[in-house]
Undergrad: 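Before we start, here is the structure in question, set down as structure tokens.
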Amino acid sequence: MTLGMIWTIILRFAIQDISVEEMTAKEGLLLWCQRKTAPYKNVNVQNFHLSWRDGLAFCALIHRHRPDLLDYSKLSKDNPLENLNLAFDIAEKYLDIPRMLDPEDLLTNEKPDERQIMTYVSCYYHAFQGAMQAEMAANRICKVLKVNQDNERLMEEYERLASDLLEWIRRTLPWLESRQSGNSLVAVQKKLEEYREYRRKHKPPRVEQKAKLETNFNTLQTKLRLSNRPAYMPTEGRMITDIQRAWNGLLGCEKTFEEWLLAELMRLERLEHLAKKFKHKADIHEAWTSGKEEMLSSQDYKNCKIFELKAMKKKHEAFESDLAAHQDRVEQIAAIAQELNALDYWDSAAVNGRCQKICDQWDRLGTLTQQRRHGMDEAEKVLERVDSLHLEFAKRAAPFNNWLDGTREDLVDMFIVHTLDEIQGLIDAHAQFKATLGEADKEFTSIISLIHECESFAKQYNVPGATINPYTNLTGKDVQSKWNEVKTLVPQRDQTLQDELKKQENNEALRRQFAEKSNQVGPWIERQMDAVAAIGMGMQGSLEEQLSRLREYEEAVYQFKPHLEELERINQQIQESFVFENRYTQYTMETLRVGWEQLVTSVNRTINEVENQILTRDSKGITQEQLNEFRASFNHFDKSRTGRLNPEEFKNCLISLGYSVGQDKQGEIDFQRILSIVDPNASGYVQFDCFLDFMTRESTDVDTAEQVIDSFRILAADKPYILPEELRRELPPDQAEYCIQRMQPYSGIDAVQGALDYM
């Protein structure tokens, strides 16, 4: 009784005030010991008796709080007495803990006294309580500091990502805002490819970086709010709004940059076309002006005879007419050069130089022409004769020759059209041109008559050199040749236009022909697909009637195939004619082919399904009513009309047919067993054929192996073997031979020759 009172006092004043995580005093003290000794080797505190016998636990507590008092690494569990004495001596000498326990008692007792050890260990707890409070305070500080460190890390990460993203946007914006194309089509195309490369490779990582930045910011704000800390304010210029504003600016620059690239591409293509046109016209003009300045600068008229002077003057007048006729060409060249400058053509300097050269040369030609005319007018005072016929020819032949050159160029000009309206416009323009040929023929007749009149005059008056026209290089043969060429090109142009018209009319007819046929074939295929699908649902008459109708549809499909082949032929003609669109129909040959293949597949598959159902019905002996019931149940749960059920739909179907498939564990086991039968390949779906086979096996009798053996025993008159002649007598010939070839010889003691084992 006295010991009990002592223990009560100890428990009340030494142990009861021990509190660790709201546990009892004993549990709290044990948990404290486990935590303090956890890092130490060979120490495993599980109780207050056996766990302390080797003394290592006491030494671990002392070393944990006062590592200066002992070297734990030198201790061994093989020296328990030495360990206990060391711990008790150090506790008594340095920690003021009296030696309450006897090491020999701890080692000799099978189970040391738990209360004694608790009392002694509680002294350690109280001795180290100050250190524990410091440790708790340190832990609390570390926890707060860790939260701060994590938040600061997120802040630094945000600042780093924000700075990097804003810096990337800052570096990218000048490139997107740049409008320097170098006025080169190749350079713009390269810029466009660089922009596409930027959108594919460079920007996506930045999109991810922006998303990560916003996520980190939101996470940081949430952590700060949960820890009752003020919200994080990024440095100036790195707010989320600043980043979004910069990002929006980037998006705007991307949009305007892409629009500029496309517009610049179109502008430069237009410039390339104008540049080629400028070069073409400039080449023609320079070829025409070649040698003209030298000719106009010559003063050969001062040393010629009178008739030669007259000829030179008339020739000069003809040249003036020709010069005036070329004025339009010079103006066209200048207009093209002006447009190239307005569009900022990359080689505008060369264009301007060449245009200026042409204009300067044109001005010089005009000045030289006037100067030469003035000199000839002065010489005309002493010269008398003028060959009026040659002059008239030169003046009329030059513009007519220019007209012939332009007309020949127009008649051989190539064209590309795609519609009837386009070719009809060309035919109308050509018709308007042909209406002017009458006046041109009159002009040609007049010019040729001048040559005839000149030849007649020269012959009549014997004028030497009269057949040579000094005023122009053109001859009657040149005009005649060009006029004949024009008359030859006109019907050729007519034929070319008519051929193109026929081609376009043929293309239009092919479009209409294909549309008319496809608008019949397409709906027909769709109707047949719907009809076959309706039969496939299995609710229209008996299986034989369904099979008969399917055979009819199969025959109708193959009878209809020539229509599809005709469409293929029309489509081939359309492709060979390069017709790529048809506004008269929504069907294409590809969609019709796919529809036809689906129809043929659907018919064959449905016929096969119905034949399998008939085979199942006849072999299993089920009635048409049962089959209809199975089909109706299957169709009821086949909501998508795909001809198959998923596991949940199949389970509901079984329940509707009276199967007890509960929601408990046994019900799930039964259902999985059934599902493994109807879906052996684990495809995740149950086809109707598998469903029907399962239902017929569940509802009809099945010939077992025992029944088959009993049947053979009856045929063998209860003998353990059967003879070949008995099989041939009782079974059809083919089945009898089948059994004879596959049965093993009977080897019993009562075997006879030829006996077969039917067991």
Side-chain angles (χ1 to χ4, degrees), residues 183 185 266-297 314-374 376 391 394-415 425-426 429-430 432-433 435-437 439-440 443 447 471-474 478-479 482 486:
N183 278 327
L185 182 60
M266 294 175 62
R267 182 182 73 84
L268 291 174
E269 287 179 347
R270 168 69 177 165
L271 284 175
E272 290 294 328
H273 172 72
L274 289 175
K276 291 179 180 178
K277 189 174 181 180
F278 173 84
K279 181 179 182 302
H280 176 68
K281 289 186 175 295
D283 289 343
I284 294 175
H285 175 78
E286 289 174 348
W288 179 83
T289 58
S290 177
K292 295 294 190 295
E293 288 189 75
E294 291 78 3
M295 182 268 293
L296 292 174
S297 300
K314 297 304 180 183
K315 185 176 181 180
H316 186 73
E317 291 176 356
F319 172 76
E320 289 178 330
S321 299
D322 200 9
L323 190 68
H326 279 76
Q327 179 67 34
D328 290 341
R329 180 168 293 164
V330 176
E331 293 175 355
Q332 291 175 4
I333 292 173
I336 294 173
Q338 184 177 2
E339 186 173 0
L340 287 171
N341 279 279
L343 294 176
D344 194 20
Y345 179 56
W346 68 274
D347 200 14
S348 57
V351 171
N352 292 337
R354 191 172 185 183
C355 180
Q356 187 63 42
K357 180 180 177 181
I358 291 173
C359 292
D360 293 344
Q361 185 188 40
W362 187 255
D363 292 339
R364 291 196 302 272
L365 288 176
T367 302
L368 291 173
T369 300
Q370 293 177 1
Q371 293 174 354
R372 186 174 178 84
R373 182 177 181 82
H374 178 71
M376 292 178 129
L391 178 60
K395 293 174 65 175
R396 298 180 65 174
F400 187 71
N401 180 66
N402 286 335
W403 178 85
L404 287 174
D405 290 340
T407 300
R408 288 188 302 161
E409 183 179 349
D410 293 339
L411 289 175
V412 298
D413 187 24
M414 294 183 295
F415 59 86
L426 292 177
H430 187 62
Q432 294 176 3
F433 162 73
T436 64
L437 289 179
E439 292 297 326
E443 180 67 14
I447 292 173
Y471 306 110
T472 181
N473 293 325
L474 289 173
D478 295 335
V479 177
K482 292 182 180 180
V486 168

Undergrad: What is the distance from atom CG of Asp405 to atom CD of Glu409, rounded to the nearest 0.5 Å?
TA: 8.5 Å

Undergrad: Are Asp360 and Gln356 linked by a side-chain donor-acceptor pair shorter than 3.5 Å?
TA: yes

Undergrad: Considering residues at least two apart in sequence or located in another chain, which fulfil the side chain to side chain contact (heavy atoms under 4.5 Å, CB included) criterion with Asp283?
TA: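 So Asp283 forms a side chain to side chain contact (heavy atoms under 4.5 Å, CB included) with Lys279, Glu286, Arg354.
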
Undergrad: Apply side chain to side chain contact (heavy atoms under 4.5 Å, CB included) to Ala318 and list each qualifying residue two or more places apart in sequence or on a separate chain.
TA: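 Listed in chain order: Ala394.
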
Undergrad: So, taking the atom named NE2 in His280 and the one named CD1 in Ile284, what distance separates them when rounded to the nearest 0.5 Å?
TA: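 Atom-to-atom, His280:NE2 and Ile284:CD1 are 3.5 Å apart.
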
Undergrad: Using every non-hydrogen atom in the two residues, find where Lys315 and Thr472 come nearest and quote the distance to one decimal.
TA: CG-N, 4.1 Å

Undergrad: Determine whether Trp362 and His285 make a side-chain contact, defined as any pair of heavy atoms from C-beta on separated by less than 4.5 Å.
TA: yes

Undergrad: Could you measure the distance from the CD1 atom of Ile358 to the CD atom of Gln361? Nearest 0.5 Å is fine.
TA: 7.5 Å

Undergrad: Over all heavy atoms of both residues, which pair between Ala337 and Val351 is shortest? Give the atoms and the distance, please.
TA: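 In this case the closest contact between Ala337 and Val351 is CB-CG1, 3.9 Å.
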
Undergrad: Return the NZ to CG distance between Lys482 and Leu474, rounded to the nearest 0.5 Å.
TA: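 Answer rounded to 0.5 Å: 6.0 Å.
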
Undergrad: Does Met266 have more than 12 heavy atoms from other residues, nucleotides or ligands lying within 6.0 Å of its CE?
TA: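 At most 12 heavy atoms, drawn from other residues, nucleotides or ligands, come within 6.0 Å of this atom.
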
Undergrad: Can you tell me how far CD of Gln338 sits from CG of Asn352, rounded to the nearest 0.5 angstrom?
TA: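 With rounding to 0.5 Å, CG (Asn352) is 10.5 Å from CD (Gln338).
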
Undergrad: Check this for me: Asn473, atom CG, are more than 12 non-hydrogen atoms of other residues, nucleotides or ligands nearer than 6.0 Å?
TA: no

Undergrad: To the nearest 0.5 Å, what is the distance between OG1 (Thr289) and CZ (Arg329)?
TA: 10.5 Å

